[in-house]
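I have placed the structure first, in the form of C-alpha cells, so that the comments after it can refer back to it.
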Amino acid sequence: MSASASHSPPALSVYNTLTRRKEPLEPLRPGEVHLYVCGPTVYSWVHIGNARTFTVFDVVVRYLRHRGYRVSYVRNYTDVDDKIINAAREAGEDPATLADRFVQAFEEDAAELGLIPPDVSPRVTQVIPEILALIQALLDAGVAYAAGGDVYFQVSRWPEYAKLSRRNLDDLRAGERVAPGELKREPLDFALWKGAKPGEPAWDAPWGRGRPGWHIECSAMSEKFLGKTFDIHGGGLDLIFPHHENEIAQSEAAHHAPLSRVWMHAGFLELENAKMSKSLGNVVRLRDALARVDGEALRLFFLSSHYRNQLAFSDDALSDAEKRMEYFYETLQRVDERLGGREVKPGPLHGDPDAHLRAFEEAMDDDFNTAGALAALSGLFGQMNEFLDRPPVPDRAMVVRTLATLRAVVPRMGGVLGVLGNPPAAWLERRRDRLVRQRGLDRERILGLLAERTEARKQKDFARSDAIRDGLLESGVELRDGPSGTQWKIRS
Ligand code: AMP
Ligand code: ZN
C-alpha cells in the first residue's frame, strides 16, 4: 500500500441491493457522484412515506457533499400516467393542469421539509424525444416489438432480467396472465409505449400516437442528465420490482452498459403495521404532518432509524421528535447566551471536542447510519449541557473556548441532517406559538399575565409574581427568567 493510500480517509460504504452487500463507494469519475432518485407521481398529495424516502436521499446528497464529492442529483416527476389521467377525469380537469398543481404543492412541502432542490427535476412530458429514441433503439436491437398501437419490451429476449430483484422467472410467469385485450406476447412483457385512447394525452410516434409506459421515463431521463452509466440509483423498496428491474432491462439492453453501479432502497414507513400507501388508505399527508410539527422535527423522526429499516409512524413518535428538537434549540440558546458574542481566543481545549464529529462521520460512512449520527449529535449536546450546568474545568476561558468549539460543530452535523438551521429563538417561538394554537390557549392573556408579573417583580411583590407563575404553570405555561428577560414555553 502506498503512503498516500494509507492516509486517505476510510471509504464510505453503501449497501448495494444489486449485490446484496455493503461496498466501498467507488464513483465512476473520481470525486463526483451522479445520483438518480425516482420522484413522485404527481396525481395527489404526497404522504409522509414518500417523504421519508425523499428525505433519506436528501441526506445522502448532503453527506456526499460534506465528504467533498461533487454531486449531480436528479429526481424526476412522473406527470403522465393512468393515475393522473383518472384523477384529472374525476376532478374535471386537464391532466397537465392537475399535474402542474401537484408539482407546485410538492415543491412547497419539500421546501418546508428542508429538501434541497435536485440539480434537475425533469418531467416525462419534457423528455418525449429521448423516450422515443430509446424505444426505437430497443426495437432495433430486437428486444422490443410493436403490437397494435403499443410497444412492449420482450423479457425473454433479455437473459439478465430479474438480476436486481432475484425473482424466479418461472414463478413470475406462473403468476401473470395476459389479460384479455392486451396485445403482449408473453405475460412478463411490459409496455414501453401505450397506444392513444380517446381523451388521453398523446404524442406522435413512428409506431403510432400514444404515451410512454411508466418505466421508460427513468431510463430516458437518467441517460439524458447523468449518462448511460451513473453511480447511485435510489427509491423506496417497492420500486425494486418491477420498476427498477424494468429500468435496468431497458437501459442495459439498449446500451450494453450497466445502468447504475449502486442501487439503494429505503425501507417503508408503516402505519398500524402496514406500508403507508394511498391504495390502503392509511396515509398521513406530508402537508398535514407539517402543520402539526416543524419540518426539522419530521426529519429527525425519519432519520431516527437506519434508512433500510422500516419505521413505524405514530403521533407520539412525532411529538417526541419535536420535543427533542426543542431540547437541541434550548441548549443552543443557552450556549449562545453564555458565549454572548464574545471573541474566543485560541488556546488549549478541554477534552477532545472533535471526537463528536468523528463519531458522526464514522456512522454516516457506514451506509449512511443516521441513527448512529444522531447519537453522535446527542453526545455533542450532552457535553454542551455538561459545560453549561457544571463546567468540568475551573478555567473560565477554557470553558468558553471549548463550548465555542463544540458549538461550531453543530452546523456541520446539522447541515448534513438538514436540521438546526434556524436561529434558536425564532425556532422556539414558532414551536411555542404552534402549541398555543393546538392547545387552544389564549396568547393575549398569557402576555398580559407576563407583563403583570414583570411589574410585580419590579415592585418586589413576590407573592403576586409567584402566584402568576403558578397559575400559568397550571395551564402548561413554563417561565424561565434569564439575562434577557423572562422567556416562556409550553410544557409538553
Ligand atoms: P410514488 O409517487 O408512489 O411513485 O412514490 C414516490 C416514492 O416514495 C417512491 O420512491 C416510493 O418507493 C416511495 N414510497 C412510497 N410509499 C412509501 C412508504 N410507505 N415508505 C417509504 N417510501 C415510500
Ligand atoms: Zn424510476
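First listed ligand is number 1; within each ligand, the first listed atom is number 1.
- Atoms of ligand 1 found under 4.0 Å from any heavy atom of G267 (numbered from 1 in listed order, with element): 21 (C).
- A salt bridge links D204 to R209: at least one charged side-chain nitrogen sits closer than 4.0 Å to a carboxylate oxygen.
- Taking the ring centre of F241 as origin, the terminal cationic atom of R167 falls inside the region bounded by 6.0 Å and 45° from the ring axis.
- Taking the Zn ion (ligand 2) as the corner point, the angle from C218 atom SG to H243 atom NE2 is about 110° (rounded to 10 degrees).
- Salt bridge annotation for E108-R287: present, with a cationic side-chain nitrogen under 4.0 angstrom from a carboxylate oxygen.
- Atom numbering of ligand 1 starts at 1 in the shown order; those under 4.0 Å from a heavy atom of P40 are 2 (O).
- Close N/O approach between F54 and ligand 1 is not found [any backbone or side-chain N/O within under 3.5 Å].
- The pair R299-E296 does not count as a salt bridge, with every side-chain nitrogen at least 4.0 angstrom from each carboxylate oxygen.
- Nearest protein heavy-atom neighbour of atom 2 (O) of ligand 1: T41 N, 3.1 Å.
- Of all protein heavy atoms, the one closest to atom 8 (O) of ligand 1 is N50 ND2, 3.1 Å.
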Show every donor-acceptor pair shorter than 3.5 Å between a side-chain atom in residues 83-93 and any protein atom, with sequence neighbours excluded, or say none if there are none.
unit_1 : atom_1 : unit_2 : atom_2 : d
N86    : ND2    : D82    : O      : 3.3
E93    : OE1    : R101   : NH2    : 2.8
E93    : OE2    : R101   : NE     : 3.0

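- Looking only at side-chain heavy atoms (C-beta outward), W193 and W207 come within less than 4.5 Å of each other.
- Proximity of a side-chain donor or acceptor of D79 to a complementary backbone N or O of V124 within less than 3.5 Å is detected.
- The shortest separation from a heavy atom of S277 to ligand 1 is not under 4.0 Å, leaving the residue out of contact.
- The residue from I48, D238, L311 that puts a heavy atom closest to atom 12 (O) of ligand 1 is D238.
- At least one N/O-N/O distance between G236 and ligand 1 falls below 3.5 Å.
- Under a 4.0 Å N-O distance rule, the pair R308/D367 qualifies as a salt bridge.
- Using a 4.0 Å cut-off between charged side-chain N and carboxylate O, K184 and D150 make no salt bridge.
- In this structure, G234 falls outside the shell of residues with a heavy atom less than 4.0 angstrom from ligand 1.
- The shell of residues lying under 4.0 angstrom from ligand 1, judged by heavy atoms, excludes R52.
- Only the side chain of L239 comes within 4.0 Å of ligand 1, judged by heavy-atom distances.
- For the residue pair H215/E217, the side-chain donor-acceptor check at 3.5 Å is not satisfied.
- Taking any N or O of W214, backbone or side chain, none lies under 3.5 Å from an N or O belonging to ligand 1.
- Within the 4.0 Å heavy-atom shell around ligand 1 one finds H47.
- For ligand 1, the polar-atom distance check against G235 finds no nitrogen or oxygen pair separated by under 3.5 Å.
- For the pair E330 (side chain) and Y327 (backbone), a donor-acceptor distance under 3.5 Å is absent.
- The M276 neighbourhood of ligand 1 comprises atoms 16 (N), 18 (C), 19 (N), with distances under 4.0 Å to a heavy atom of that residue.
- A donor-acceptor pair under 3.5 Å is absent between the side-chain atoms of Y15 and the main chain of W263, judged by distance alone.
- R261 places no side-chain N or O within donor-acceptor distance of the main-chain N or O of T229, the cut-off being under 3.5 Å.
- Looking only at protein heavy atoms, the nearest one to atom 20 (N) of ligand 1 is L269 N, 2.8 Å.
- Comparing K275, K278, H265 against atom 16 (N) of ligand 1, the shortest heavy-atom distance belongs to K275.
- Distances between N or O atoms of L237 and those of ligand 1 include no value under 3.5 Å.
- Among all protein heavy atoms, the one lying closest to atom 23 (C) of ligand 1 is G49 O, 3.5 Å.
- Listed by number with element, the atoms of ligand 1 under 4.0 angstrom from any heavy atom of T53 are 10 (O), 13 (C), 21 (C), 22 (N), 23 (C).
- The name of the N, O or S atom in E247 nearest to the Zn ion (ligand 2) is OE2.
- At least one test fails for R75 against the ring of Y36: distance under 6.0 Å to the centre or angle within 45° of the axis.
- Residue K83 has no nitrogen or oxygen atom sitting less than 3.5 Å from a nitrogen or oxygen atom of ligand 1, judged on distance alone.
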